[in-house]
Amino acid sequence: MTKDDVIIIGSGIAALQLATQLNNQLNVRILTKGKLRTANSYLAQGGIAAAIGANDHPSKHMVDTLEAGRFHNDQEVVREIINAAPTLIRNMSLEGDVFDKDPNGELFLGMEGAHSEKRIVHGGGDATGKNMMEHLITKLKANVIIEEDVFAYELILNSDQTTCIGVKAKQSDDTIKSFYGSHIIIASGGCGQLFTYTSNAETVCGDGIAMAYLAGAEIVDMEFIQFHPTLLYVNGETKGLISEAVRGEGAILITDDETPIMAGIHPMKDLAPRHVVSQRIYEFLRNGKQVYLDIRNIKDFTKRFPSITTICVENGIRIEDGKIPVAPGSHFLMGGIKTDLIGRSSIRGLYAIGEAACTGLHGANRLASNSLLEGLYQGEQLSKWINGTKAAHQESKISDSLQHAISKHLTLPDRQLIQETMMERVGIVRNKEDLKKQQTWLTQFNADKIPLDHCSVHDLSRIFMVITASLITESALQRTESRGGHFRSDYPVENDQHWLRRSIIHKYNRGMEKNHEFIKTALAT
Ligand code: SIN
């Protein structure tokens with residue numbers, strides 16, 4: 001048994017920003033199921049948005065964020081985070097050589113979809129996440145212990161079930177260890193791997209959200225999944241992200257016979273909000289047509305986009321040909337564990353930051369490059385809160401590393417089947433019939449009733465995938481309209497009268513039979 005001041009589950013930008021800003025006197029333990037450098041944030045190509053250009057203003061950034069989010073956002077949260085953006089970026093830029101500069105030594109500002117101004121800051125061309133992570137890693141102090149290959153799977157609550165006091169985790173040899181702490185933070189990312197096509201790292205399966213749900217935390221807005229329009233698409237598989245910055249630099253989407261596909265669809269054409277572009281590409285793919293990014297008018301492509309060049313070359317795509325085959329894939333979850341701006345969940349002692357959390361910043365669809373920003377903001381805010389909080393005395397039960405026999409006979413679908421059915425029935429275009437089919441299919445596994453101590457890491461991962469997939473499916477079924485990242489062909493338009501700023505919240509109660517009985521709707525504050 002260990003007892004720390006702060007336990008952080010996950011190791012992306014939000015986690016590291018928090019860890020580096022906590023007081024040195026606090027014992028901080030980071031538990032990560034993979035390796036420190038395999039976090040999803042490490043893959044982020046572009047960028048981080050802030051209104052720092054001469055013609056820009058936070059009010060413009062705010063309007064763009066609300067417009068992309070289809071006004072489902074929490075306006076106060078948007079104002080607060082957008083206003084903080086320039087200072088957060090300048091502070092990091094002053095600390096190290098993280099971001100790209102123009103010849104005058106000013107931050108180089110790029111363009112991305114649905115932004116009305118150039119305001120995207122990049123690092124290493126298209127390696128922004130990696131640059132930021134490496135910078136934060138250099139700032140970690142001796143009070144922060146990092147434990148890799150440790151899979152957190154069950155939150156521990158106090159005896160009256162009101163406060164989170166720790167977490168159980170499986171180590172690589174399947175032994176169980178309980179970690180106790182005064183502040184338990186979930187920063188384990190979203191759930192991109194629930195879908196066949198995704199830009200997300202292998203490890204991003206919705207674990208933290210499922211774990212918080214099983215502990216009774218409120219989970220919100222799960223129907224809003226962002227499908228990024230342009231993942232590299234080779235031999236029927238997606239192979240990684242082709243950043244929107246490529247379209248920001250002038251690339252356009254075309255078909256085999258070189259017809260541009262976004263003309264006449266949206267005033268911002270190829271830089272329309274992501275759900276608009278993704279749905280358009282999806283339409284072509286469904287009709288058996290391939291879609292390409294035409295990059296022929298981008299000067300020095302390989303210099304501006306070194307990581308993308310590498311991904312293309314590794315997958316047999318010749319940059320000189322000027323056409324990159326693309327398909328949309330799941331990229332970002334707008335919903336998650338419901339938190340306030342500090343990161344507090346509905347359970348005392350339990351916090352969420354990064355993509356696992358839902359503050360209300362993104363609404364129904366995230367504006368490009370607002371998520372690294374949110375991670376930096378949340379990490380900083382939560383550090384201030386914890387640094388200023390006197391730790392209360394907490395119960396902790398005595399338990400050391402334990403070995404439980406692993407159950408051999410669980411009935412669970414394999415990962416690929418979960419991904420395929422989610423992509424097909426709960427993907428870019430949804431309808432009642434498909435959603436019902438998926439709901440029935442997922443429910444049969446009773447994933448929320450399986451005792452977890454006897455499960456292998458592989459099975460735990462599938463259980464959490466099924467639970468998170470169920471939350472998405474249930475929400476998507478309930479929301480009888482289309483908005484942002486949630487598109488229903490049977491309800492193809494926004495229904496402001498019933499749904500504007502109304503959220504679907506899930507709250508689990510272990511005693512009851514069906515999870516979806518706990519879905520309630522609430523107006524966003
Ligand atoms: C991209 O570079 O297109 C992704 C950036 C983001 O999703 O914010």
Side-chain angles (χ1 to χ4, degrees), residues 11-21 36-53 56 61 81-82 84-113 115 117-140 187 189 199-201 228 230 240-249 251 298-312 331-332 354-355 366-380:
S11 59
I13 291 285
L16 296 188
Q17 169 83 337
L18 168 63
T20 56
Q21 301 211 7
L36 182 58
R37 287 180 173 80
T38 53
N40 216 27
S41 302
Y42 211 80
L43 298 178
Q45 293 176 357
I48 173 159
I52 46 185
D56 207 354
H61 187 181
I81 297 181
I82 297 305
T87 306
L88 282 164
I89 291 175
R90 285 197 201 289
N91 284 350
M92 188 173 267
S93 184
L94 288 173
E95 285 170 3
D97 192 15
V98 184
F99 302 119
D100 300 337
K101 307 264 173 56
D102 67 16
N104 301 322
E106 299 294 331
L107 288 167
F108 172 83
L109 299 177
M111 188 66 166
E112 279 184 359
H115 285 273
E117 295 287 342
K118 285 191 165 191
R119 63 167 75 97
I120 316 300
V121 176
H122 289 95
D126 54 6
T128 315
K130 176 175 176 220
N131 271 19
M132 290 170 73
M133 290 274 294
E134 288 297 344
H135 171 70
L136 291 169
I137 290 168
T138 62
K139 285 178 66 185
L140 289 170
S199 62
N200 285 199
H228 193 291
T230 56
L241 188 68
I242 308 294
S243 174
E244 197 158 84
V246 173
R247 276 173 286 136
E249 293 292 315
I298 301 182
K299 268 217 282 253
D300 296 330
F301 183 91
T302 54
K303 226 158 117 207
R304 169 71 181 84
F305 299 109
S307 313
I308 294 173
T309 301
T310 305
I311 300 173
C312 286
H331 184 56
F332 190 87
E355 194 176 338
R366 177 182 62 99
L367 183 67
S369 290
N370 266 355
S371 46
L372 290 177
L373 168 64
E374 188 186 38
L376 281 189
Y377 176 89
Q378 291 169 307
E380 183 169 290

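All values below were derived from every heavy atom in this structure, side-chain atoms included, with hydrogens, water molecules and symmetry-related copies excluded.
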**Q** Can you name the side-chain contact (heavy atoms from CB on, under 4.5 Å) partners of Ile89, sequence neighbours left out?
**A**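 Residues passing side-chain contact (heavy atoms from CB on, under 4.5 Å) with Ile89: Ile48, Ala50, Phe99, Leu107, Val121.
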
**Q** With no hydrogens and no angle check, is any side-chain donor or acceptor of His115 less than 3.5 Å from a backbone partner on Glu117?
**A**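 Not at all, since once roles are kept as given, no pair shorter than 3.5 Å links the two residues.
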
**Q** Using the side-chain hydrogen bond (donor to acceptor under 3.5 Å, both in side chains) criterion, which residues pair with Ser371? Sequence neighbours excluded.
**A**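 In terms of side-chain hydrogen bond (donor to acceptor under 3.5 Å, both in side chains), with neighbours along the sequence ignored, Ser371 is linked to Arg366.
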
**Q** Tyr42: what forms a ring pair (Phe, Tyr, Trp, His ring centres under 6.0 Å) with it, not counting sequence neighbours?
**A**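 Ring pair (Phe, Tyr, Trp, His ring centres under 6.0 Å) list for Tyr42, sorted by chain: empty.
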
**Q** Grab the two heavy atoms, one from Ser11 and one from Ala15, that are nearest each other, plus how far apart they are.
**A**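 Answer, listing the atom of Ser11 first, then Ala15: CA-CB, 3.8 Å.
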
**Q** Using the side chain to side chain contact (heavy atoms under 4.5 Å, CB included) rule, take Phe305 and Ile242 through it: C-alpha gap first, then chi angles, then the decisive distance, then the call.
**A** CA-CA 9 Å; Phe305 299 109; Ile242 308 294; over 6 Å; no

**Q** Answer whether the closest heavy-atom distance between the side chains of Val246 and Ile298 falls below 4.5 Å.
**A**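 The answer is yes, as the side chains (C-beta and beyond) meet within the 4.5 Å cut-off.
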
**Q** Would the distance check show the side chain of Thr128 and the main-chain N or O of Gly124 forming a donor-acceptor pair, the cut-off being under 3.5 Å?
**A**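 Checking the backbone N and O of Gly124 against the side chain of Thr128, no donor-acceptor pair under 3.5 Å is found.
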
**Q** Can you give me the closest heavy-atom contact between Ile82 and Pro86, atom names plus distance?
**A**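 Nearest pair, atom of Ile82 first, then Pro86: O-CD, 3.6 Å.
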
**Q** List for me each residue that meets side-chain contact (heavy atoms from CB on, under 4.5 Å) alongside Thr302, sequence neighbours excluded, and say none if there are none.
**A**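 With neighbours one apart ignored, the set is Thr309, Ile319.
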
**Q** When you check the side-chain N and O atoms of Ser307 and Asp126, is any donor under 3.5 Å from an acceptor?
**A**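 There is such a pair between these side chains.
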
**Q** Apply salt bridge (charged side-chain N to carboxylate O under 4.0 Å, His left out) to the pair Glu249 and Lys299, showing each step before the final yes or no.
**A** CA-CA 9 Å; Glu249 293 292 315; Lys299 268 217 282 253; over 6 Å; no

**Q** Could you go through Ile311 and Gln45, starting from their C-alpha distance and side-chain angles, then the distance that decides it, and tell me whether this counts as side chain to side chain contact (heavy atoms under 4.5 Å, CB included)?
**A** CA-CA 12 Å; Ile311 300 173; Gln45 293 176 357; 3.7 Å; yes

**Q** Heavy atoms only: give me the nearest Gly12-Ala39 pair and the separation to one decimal.
**A**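 Smallest interatomic distance, heavy atoms only, reads CA-CB, 3.9 Å.
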
**Q** For Asn200, what residues pass the side-chain hydrogen bond (donor to acceptor under 3.5 Å, both in side chains) criterion, not counting sequence neighbours?
**A**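 Applying side-chain hydrogen bond (donor to acceptor under 3.5 Å, both in side chains) to Asn200 gives none.
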
**Q** What residues, two or more places apart in sequence or in another chain, satisfy side-chain hydrogen bond (donor to acceptor under 3.5 Å, both in side chains) together with Asp56?
**A**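 If we apply the side-chain hydrogen bond (donor to acceptor under 3.5 Å, both in side chains) test to Asp56, skipping adjacent residues, the hits are Arg119.
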
**Q** His61 and Asn370: side chain to side chain contact (heavy atoms under 4.5 Å, CB included), yes or no, with the steps?
**A** CA-CA 10 Å; His61 187 181; Asn370 266 355; 2.9 Å; yes

**Q** Applying side chain to side chain donor-acceptor pair (under 3.5 Å) as the test, list every pair that has at least one member in residues 96-112; sequence neighbours left out.
**A**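 Applying side chain to side chain donor-acceptor pair (under 3.5 Å) to every pair that reaches into residues 96-112, excluding sequence neighbours, yields Glu112-Ser369.
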
**Q** Show the nearest heavy-atom pair for residues Ala245 and His122, with the distance to one decimal.
**A**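 For Ala245 and His122, the tightest heavy-atom pair comes out as CB-NE2, 3.9 Å.
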
**Q** Could you pull out all residues at least two apart from Gln21 that satisfy side-chain contact (heavy atoms from CB on, under 4.5 Å)?
**A**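 So Gln21 forms a side-chain contact (heavy atoms from CB on, under 4.5 Å) with Gln17, Glu380, Ser383.
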
**Q** With a 4.5 Å limit on heavy-atom distance, are the side chains of His135 and Lys130 in contact?
**A**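 Contact flag for His135/Lys130 side chains = no.
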
**Q** Write out all pairs satisfying salt bridge (Lys or Arg N to Asp or Glu O under 4.0 Å) with one or both partners inside residues 87-96, taking only residues at least two apart or from two chains.
**A**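 Residue pairs with at least one partner in residues 87-96: Glu95-Lys139.
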
**Q** Evaluate the side chain to side chain contact (heavy atoms under 4.5 Å, CB included) criterion for residues Ser41 and Leu16: first the C-alpha distance (whole Å), next the side-chain angles of each, then the deciding distance (0.1 Å), finally the verdict.
**A** CA-CA 10 Å; Ser41 302; Leu16 296 188; over 6 Å; no

**Q** What heavy-atom pair brings Leu367 and Gly113 nearest, and what distance separates the two atoms?
**A**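 Between these two residues, the closest heavy atoms are CD1-O, 3.8 Å.
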
**Q** Return the set of residues passing ring pair (Phe, Tyr, Trp, His ring centres under 6.0 Å) with Tyr377 (not counting sequence neighbours), or none when no residue passes.
**A**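 Listed in chain order: nothing, the list is empty.
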
**Q** Please name the pair of heavy atoms, one in Ala49 and one in Leu373, separated by the smallest distance, quoted to 0.1 Å.
**A**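 Minimum heavy-atom contact is O-CD2, 3.5 Å.
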
**Q** Nearest 0.5 Å, what's the CG-OG distance between Leu88 and Ser93?
**A**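 Spacing of CG (Leu88) from OG (Ser93) equals 12.5 Å.
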
**Q** Are Leu376 and Met132 side-chain neighbours, meaning at least one heavy-atom pair lies under 4.5 Å?
**A**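 In contact.
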
**Q** Using the salt bridge (Lys or Arg N to Asp or Glu O under 4.0 Å) criterion, which residues pair with Glu244? Sequence neighbours excluded.
**A**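 Glu244: salt bridge (Lys or Arg N to Asp or Glu O under 4.0 Å) contacts with Arg247, Arg274.
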
**Q** The criterion is side-chain contact (heavy atoms from CB on, under 4.5 Å); which residues satisfy it with Ser199, sequence neighbours excluded?
**A**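 Listed in chain order: Leu231, Leu241, His331.
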
**Q** Looking at CG of Leu372 and CE of Met92, how far apart are the two atoms once the value is rounded to the nearest 0.5 Å?
**A**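 So the CG of Leu372 and the CE of Met92 are separated by 9.5 Å.
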
